Chemist: 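A single structure is presented below for examination.
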Amino acid sequence: MLEMSLSSQEGFQQAADIMTGFFAKFIVWGILTALAYHICGGVRHMLMDFGYLEENLAVGSLSAKVAIGIAVILSILAGVLVW
């Protein structure tokens, strides 16, 4: 898609037409959702590596729920951005 969009003005228009379809938007939304979840989990694990959020099982469970909640919010925002 990138090569097609950079090849010419017609190629760019073809790529833009492909990206207006539901299936392409759904794939982009899925990739952004996975990226958001991965980033939230990564930040959580970095905090745990620094010694935070390791007091007991309840704190670890709460931090996991917060990370998932933030990922859900970012997923909704990604959906608004894509559509």
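These numbers come from a predicted model, not from an experiment.
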Chemist: Report the C-alpha separation of E54 and L47 in whole Å, then their side-chain angles, then the decisive distance to 0.1 Å, and conclude whether the side-chain contact (heavy atoms from CB on, under 4.5 Å) test is met.
Modeler: CA-CA 9 Å; E54 292 183 333; L47 288 172; over 6 Å; no

Chemist: Which of parallel (below 30°), tilted (30 to 60°) and perpendicular (above 60°) describes F26 and F22?
Modeler: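 The arrangement is parallel - the two ring planes meet at less than 30°.
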
Chemist: Just how far is it from atom CG of L2 to atom CZ of F12, taken to the nearest 0.5 Å?
Modeler: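 Result: 11.0 Å between the selected atoms.
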
Chemist: Set out, in order, the CA-CA distance, both residues' side-chain angles and the distance that settles side-chain contact (heavy atoms from CB on, under 4.5 Å) for M4 and Q14, then state yes or no.
Modeler: CA-CA 8 Å; M4 180 193 328; Q14 276 183 321; 3.6 Å; yes

Chemist: What's the shortest heavy-atom distance between L74 and A36, and which atoms?
Modeler: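 Of all heavy-atom pairs spanning L74 and A36, the closest is CB-CB, 3.8 Å.
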
Chemist: What distance do L81 atom CG and L32 atom CG have between them, rounded to the nearest 0.5 Å?
Modeler: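 Atom-to-atom, L81:CG and L32:CG are 7.0 Å apart.
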
Chemist: Taking the side chain as every heavy atom from C-beta outward, state whether V59 and N56 have any pair of such atoms under 4.5 Å apart.
Modeler: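 They are in side-chain contact.
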
Chemist: Measuring from T33:OG1 to L77:CG, what's the distance to the nearest 0.5 Å?
Modeler: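 Here the rounded value is 10.5 Å.
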
Chemist: Do the side chains of V82 and M1 join up, straight or via other hydrophobic residues, at under 4.5 Å, putting them in one cluster?
Modeler: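 Per the 4.5 Å side-chain linkage, V82 and M1 are co-clustered.
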
Chemist: Out of curiosity, does V72 fall in the hydrophobic cluster containing Y37 (side-chain heavy atoms, cut-off under 4.5 Å, transitive links)?
Modeler: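 Yes, one cluster joins them.
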
Chemist: Do I73 and V66 sit in one hydrophobic cluster, given that two such residues count as connected whenever their side-chain heavy atoms are within less than 4.5 Å of each other, even indirectly?
Modeler: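 Yes: a chain of side-chain contacts under 4.5 Å links I73 to V66.
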
Chemist: Does E3, at its CD atom, have more than 12 non-hydrogen atoms belonging to other residues, nucleotides or ligands within less than 6.0 Å?
Modeler: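 No, because the 6.0 Å sphere around CD of E3 holds 12 heavy atoms or fewer from other groups.
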
Chemist: Say you draw a straight line from OG of S5 to CD of Q13; how long is it, rounded to the nearest 0.5 Å?
Modeler: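 Output value for this atom pair is 11.5 Å.
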
Chemist: To the nearest 0.5 Å, what is the distance between CG on L62 and CD on E55?
Modeler: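 Spacing of CG (L62) from CD (E55) equals 11.0 Å.
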
Chemist: So do the side chains of W29 and S75 get within less than 4.5 Å of each other, counting heavy atoms only?
Modeler: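 Yes, close enough: below the 4.5 Å cut-off.
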
Chemist: Without swapping roles, check the side chain of R44 against the backbone of G60 for a donor-acceptor pair under 3.5 Å.
Modeler: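 Yes; judged by distance alone, with no hydrogens or angles, the pair exists.
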
Chemist: Quick check for you: to the nearest 0.5 Å, what is the distance between C40 atom SG and H45 atom NE2?
Modeler: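 Rounded to the nearest 0.5 Å, the SG-NE2 separation comes out at 11.5 Å.
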
Chemist: For L6, is the CG atom crowded, meaning more than 12 foreign heavy atoms sit under 6.0 Å from it?
Modeler: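 Enclosed.
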
